[in-house]
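So the structure is just underneath, and the comments pick up after that.
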Amino acid sequence: MPKKLRWLIRGVALLYLGYVYLKTGIHSSALSFLTLNSFLAYIPIECAFHVHPTHQRAWQFYPLAFLWLVFYPNTPYLLTDLFHLAKFDPYNSVTMLMRFDLHLWLAFFTLVSGVIGFAIIGTWSLEFMATALQRRWHWEGFVAHGSLVVGLTLLTSIGVFVGRFIRLHTAYLFMSPGWVVSELVTMWNLRMVTFVLLMTILQLVIWGAIMITKMALESTTSD
């Protein structure tokens with residue numbers, strides 16, 4: 001990714017985080033969780049900015065790749081935050097039509113714009129890291145690339161489950177690793193696996209849509 005584009009993404013992310021903090025962090029708000037969640041979702045994107053698939057020593061590449069993998073579940077985790085929209089009642093109780101309440105729509109904008117933005121840029125980091133690993137390991141072909149993407153999204157979906165339902169934050173991996181391992185061993189059941197598969201499919205739908213859009217744009221440019 002060009003350096004100017006990286007700085008543009010950093011600037012927009014910083015403006016969004018500042019806006020969310022001023023809107024929800026200072027005063028009590030139903031979206032007060034959004035500042036921390038958005039910041040955690042940005043960390044893997046920043047990690048990906050510093051990865052160089054071929055021009056980087058192993059002792060530099062793999063720690064960055066590990067940090068990306070540890071923090072990346074925070075990005076699709078934001079998708080589950082859309083359930084917080086249930087806290088708002090958009091319908092008029094008499095007419096049952098949607099109310100034109102600017103405070104309501106501002107809350108909708110605040111949450112959905114962040115989720116969409118981080119989901120798209122985060123998916124770019126997924127594609128980039130899969131490509132970086134493929135080059136590093138000298139794997140060739142679409143099957144190898146697709147296998148890496150599916151494997152990474154499966155691991156990510158497990159991370160989303162852990163964060164959403166067991167409430168294990170990424171920091172606990174460094175603070176209480178033994179307890180984290182114990183929780184990870186005992187969490188497996190059919191419902192958990194079903195959730196992981198659904199989250200994996202959702203992430204792959206987003207990744208696939210972005211890849212199709214990219215190919216369509218490239219074909220249009222070449223024509």
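One is the number of the first residue; the rest follow in order along the sequence. Keep in mind that what you see is a predicted model, and the values were worked out from it rather than measured.
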Applying side chain to side chain contact (heavy atoms under 4.5 Å, CB included), run through Leu67 and Ile43 and close with a yes or a no. CA-CA 9 Å; Leu67 283 176; Ile43 291 177; over 6 Å; no
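- Under the 4.5 Å side-chain contact rule for hydrophobic residues, Ile121 and Val112 share a cluster.
- Remark: side-chain polar atoms of Tyr72 are not paired, donor with acceptor, to backbone N or O of Leu152 under 3.5 angstrom.
- At least one donor-acceptor pair closer than 3.5 Å links the side chain of Gln60 to the backbone N or O of Arg57.
- Surrounding NZ of Lys4 are at most 12 heavy atoms belonging to other residues, nucleotides or ligands under 6.0 Å away.
- The side chain to side chain contact (heavy atoms under 4.5 Å, CB included) check on Thr194 picks up Leu190, Leu198, with sequence neighbours excluded.
- Counted within 6.0 Å of CZ on Phe165, heavy atoms from surrounding residues, nucleotides or ligands total more than 12; the atom is thus considered enclosed.
- Atom CZ of Phe39 is surrounded by 12 or fewer heavy atoms from other residues, nucleotides or ligands within 6.0 Å.
- In plain terms, the two heavy atoms of Val94 and Asn92 that are nearest each other are N-OD1, 2.7 Å.
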Scan the side chains in residues 201-212 for donor-acceptor partners under 3.5 Å anywhere in the protein, sequence neighbours excluded, and list what turns up.
{"from": "Gln203", "atom 1": "NE2", "to": "Thr153", "atom 2": "O", "distance (Å)": "3.4"}
{"from": "Gln203", "atom 1": "NE2", "to": "Ser157", "atom 2": "OG", "distance (Å)": "2.9"}
{"from": "Trp207", "atom 1": "NE1", "to": "Glu127", "atom 2": "OE1", "distance (Å)": "2.8"}

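- Panel note: side chain Arg99, backbone Asp89; a donor-acceptor pair is recorded below 3.5 Å.
- Side-chain contact, Asn37 with Asp81: a donor N or O sits under 3.5 Å from an acceptor N or O.
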Evaluate the side chain to side chain contact (heavy atoms under 4.5 Å, CB included) criterion for residues Lys87 and Leu31: first the C-alpha distance (whole Å), next the side-chain angles of each, then the deciding distance (0.1 Å), finally the verdict. CA-CA 10 Å; Lys87 296 177 180 179; Leu31 300 179; over 6 Å; no
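- For the pair Leu104 and Phe108, the minimum side-chain heavy-atom distance is 4.5 Å or more.
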Derivation and outcome, side chain to side chain contact (heavy atoms under 4.5 Å, CB included), residues Glu140 and His145: CA-CA 7 Å; Glu140 297 182 0; His145 185 77; over 6 Å; no
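- Cluster membership check: Tyr62 shares its hydrophobic cluster with Leu126, using side-chain heavy-atom separations under 4.5 Å among Ile, Leu, Val, Met, Phe, Trp and Tyr.
- Classified by interplanar angle (parallel below 30°, tilted 30° to 60°, perpendicular above 60°), the ring pair Trp137/Trp139 is tilted.
- No continuous path of hydrophobic side-chain contacts links Tyr42 to Leu14 [ILVMFWY only; heavy atoms under 4.5 Å].
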Given the rule in the side chain to side chain contact (heavy atoms under 4.5 Å, CB included) test, do Thr156 and Thr75 qualify, once you have shown the distances and angles that lead to the verdict? CA-CA 9 Å; Thr156 298; Thr75 303; over 6 Å; no
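- In this structure, Leu102 and Phe109 have side chains that are not in contact, with every pair of non-hydrogen atoms separated by 4.5 Å or more.
- No chain of hydrophobic side-chain contacts below 4.5 Å, direct or via other Ile, Leu, Val, Met, Phe, Trp or Tyr residues, connects Val143 to Val149.
- Closest of all the heavy-atom pairs between Ser125 and Pro44 is CB-O, 4.5 Å.
- A distance of 8.0 Å separates CG in Leu78 from CG in Leu111, rounded to the nearest 0.5 Å.
- Both Ile116 and Tyr16 are members of a single hydrophobic cluster when ILVMFWY side chains are connected at heavy-atom separations under 4.5 Å.
- In this structure, the separation between CE on Met192 and CG on Leu197 is 9.5 Å, given to the nearest 0.5 Å.
- Taking His52 as the reference, nothing meets the ring-ring contact (aromatic ring centres under 6.0 Å, His included) condition, with sequence neighbours excluded.
- Contact of the Met187 side chain with the Ile158 side chain is registered, since non-hydrogen atoms from C-beta on lie closer than 4.5 Å.
- Put simply, OH on Tyr91 and CE on Met98 are 4.0 Å apart, with the number rounded to the nearest 0.5 Å.
- A 4.5 Å side-chain heavy-atom check between Phe161 and Pro73 finds every atom pair outside the cut-off.
- Nearest heavy-atom pair across Ala144 and Gln134 is CB-NE2, 4.2 Å.
- Going from atom CG of Leu64 over to atom CG of Leu69 covers 12.5 Å, rounded to the nearest 0.5 Å.
- Relative orientation of the Trp124 and Phe49 rings is tilted, given thresholds of 30° and 60° on the angle between their planes.
- No close placement of the Trp68 and Phe61 rings is indicated, their centers lying 6.0 Å or farther apart.
- The two residues Pro76 and Met199 make their nearest non-hydrogen contact at O-CE, 4.0 Å.
- The two residues Thr80 and Tyr77 come nearest to each other via the heavy atoms OG1-O, 2.6 Å.
- Here the CZ-OG distance, from Phe118 to Ser38, works out to 5.0 Å after rounding to the nearest 0.5 Å.
- Between the OG1 atom in Thr24 and the OH atom in Tyr19 there is a gap of 9.0 Å [rounded to 0.5 Å].
- In plain terms, the two heavy atoms of Ala58 and Pro63 that are nearest each other are O-CD, 3.7 Å.
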